[in-house]
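Worksheet: the structure to be examined is printed underneath.
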Amino acid sequence: MIISPFVIKFTIILMKLTTLLYSLFIFYILGKNSKIPENLMGFVWLFSGGGCLFLWAGLSLNNIELVIGGLFIIAILAVILLHNILTRHHSLKETKDEKINPK
């Protein structure tokens with residue numbers, strides 16, 4: 001199957017737009033609440049699914065820009081999940097310390 005350069009350029013623009021929206025969404029939510037609420041994690045998973053699609057498209061079309069963009073979106077998801085794990089661990093540690101040493 002032959003893919004025209006216009007389709008590849010459109011896909012790259014779509015990937016950049018998705019990355020920009022994903023990053024703005026994450027920075028807005030993390031800046032507002034300092035953690036991502038459980039009801040908004042669905043949007044995070046939805047955007048990161050786009051990263052998998054861009055990675056697949058880049059691998060099948062041999063396009064390095066799409067591969068890098070897909071890996072970047074997946075890496076953002078990994079950082080978000082690490083942030084959620086660390087904030088949950090910190091909050092559990094604080095509640096444990098409050099039970100041991102009440103004020």
Q. Going from CG on Leu20 to CE on Met15, what distance comes out if it is rounded to the nearest 0.5 angstrom?
A. 11.5 Å
Q. Taking the six-membered ring for Trp, are Phe43 and Phe25 parallel (under 30°), tilted (30 to 60°) or perpendicular (over 60°)?
A. perpendicular
Q.
So, taking the atom named CG in Leu55 and the one named CD1 in Ile74, what distance separates them when rounded to the nearest 0.5 Å?
A. 5.0 Å
Q.
Testing the basics here: between Asn84 and Thr87, what is the closest heavy-atom pair and its distance to 0.1 Å?
A. O-OG1, 3.0 Å
Q | Closest approach of Ala57 to Ser60 (non-hydrogen atoms, all atoms of both residues) | A | O-OG, 3.1 Å
Q) Does Leu53 share a hydrophobic cluster with Leu66, counting links as ILVMFWY side-chain heavy atoms below 4.5 Å and allowing steps through other members? A) no
Q. What distance separates Ile26 CD1 from Ile76 CD1, expressed to the nearest 0.5 Å?
A. 7.5 Å
Q) So do the side chains of Thr18 and Phe47 get within less than 4.5 Å of each other, counting heavy atoms only? A) yes
**Q.** Distance, nearest 0.5 Å, that separates CD1 of Ile80 from NE2 of His83
**A.** 9.5 Å
Q) Distance from Phe54 atom CZ to Ile12 atom CD1, nearest 0.5 Å? A) 10.0 Å
(Q) To the closest 0.5 Å, what do you measure between CZ (Phe10) and CG (Leu17)? (A) 9.5 Å
Q) Can you find a heavy atom in the side chain of Leu81 that is under 4.5 Å from one in the side chain of Met41? A) yes
Q: State yes or no: do Ile73 and Ile68 share one hydrophobic cluster built from I, L, V, M, F, W and Y residues joined by side-chain heavy-atom distances below 4.5 Å, directly or via other members?
A: no
Q. With side chains defined as the heavy atoms from C-beta onward, is the minimum distance between Tyr22 and Leu77 less than 4.5 Å?
A. yes
